[in-house]
Amino acid sequence: MIWCPFGDTATAEAIAAVLVEEGLVACANIIPAITSVFRWQGEVQRASEAGALFKTTQKLLGPAVERLVSLHPYDTPAIIGWHADHAAPATLDWLSAQTAPLEE
């Protein structure tokens, strides 16, 4: 799994499409309206953003994060990846099938 905020929904959708087309992720769930509160350059900031949750395999987590970093328009994007402890067998099969060309 990879979590990442974007400045807007269109950017999140465009980058998600690239990652899916390249086989690095099987899908992305985009949440069109989130409010982020964060410290940036010593000041507490608030921003409206779109969030994306990407689904990939354990093997492709690192490459997917690296590609997301290269595509993201922010200077310092908040990209967090982690291994899911449990998933339904059908979900794991689907993830593997969608990313199979890169896993071989």
Side-chain angles (χ1 to χ4, degrees):
M1 305 291 286
I2 303 166
W3 169 255
C4 183
F6 294 88
D8 56 68
T9 303
T11 302
E13 288 178 7
I15 291 175
V18 170
L19 294 175
V20 170
E21 288 169 7
E22 292 179 356
L24 289 167
V25 303
C27 83
N29 301 118
I30 298 171
I31 304 163
I34 61 174
T35 300
S36 296
V37 179
F38 53 95
R39 184 176 304 278
W40 182 250
Q41 298 178 341
E43 301 281 330
V44 175
Q45 308 282 324
R46 288 173 180 74
S48 294
E49 295 182 296
L53 181 64
F54 298 93
K55 296 178 187 91
T56 190
T57 63
Q58 179 175 346
K59 185 175 181 179
L60 293 175
L61 181 59
V65 167
E66 288 176 21
R67 182 68 169 130
L68 182 52
V69 168
S70 75
L71 294 169
H72 205 290
Y74 289 179
D75 291 336
T76 309
I79 300 169
I80 300 169
W82 69 95
H83 298 278
D85 292 334
H86 300 283
T91 300
L92 293 175
D93 290 345
W94 177 76
L95 285 169
S96 292
Q98 299 308 307
T99 58
L102 289 177
E103 295 236 38
E104 294 173 350

With the side chain counted from C-beta on, respond yes when I79 and I2 share a heavy-atom pair under 4.5 Å apart, and no when they do not.
yes

Applying the side-chain contact (heavy atoms from CB on, under 4.5 Å) criterion to L95, which one of V25, T57, L60 satisfies it?
T57

D8: what forms a side chain to side chain donor-acceptor pair (under 3.5 Å) with it, not counting sequence neighbours?
T11

Return the minimal non-hydrogen interatomic distance between G23 and T99, and the atom names on each side.
O-CG2, 3.3 Å

Distance-only criterion, 3.5 Å: show the donor-acceptor pairs between side-chain atoms of residues 64-73 and protein atoms not counting sequence neighbours.
residue	atom	partner	partner atom	Å
R67	NE	E22	OE1	2.8
R67	NE	E22	OE2	3.3
R67	NH1	S70	OG	3.3
R67	NH2	E22	OE2	2.8
S70	OG	R67	O	2.7
H72	ND1	Y74	N	3.0
H72	NE2	P5	O	2.8

Smallest heavy-atom separation, F6 atom then A52 atom, equals CE1-CB, 3.7 Å

Kindly list each side-chain donor-acceptor pair under 3.5 angstrom involving residues 32-40, sequence neighbours excluded, with atom names and distances?
residue	atom	partner	partner atom	Å
S36	OG	E49	OE1	2.4

Nearest 0.5 Å, please: how far is CG in L53 from SG in C27?
7.5 Å

Point-to-point distance, once rounded to the nearest 0.5 Å, from CD of Q58 to CG of L92:
10.5 Å

Taking T56 for its side chain and L61 for its backbone only, find out whether a donor-acceptor pair lies under 3.5 Å.
no

Should E43 and Q41 count as side-chain neighbours, where that means a heavy-atom distance under 4.5 Å?
no

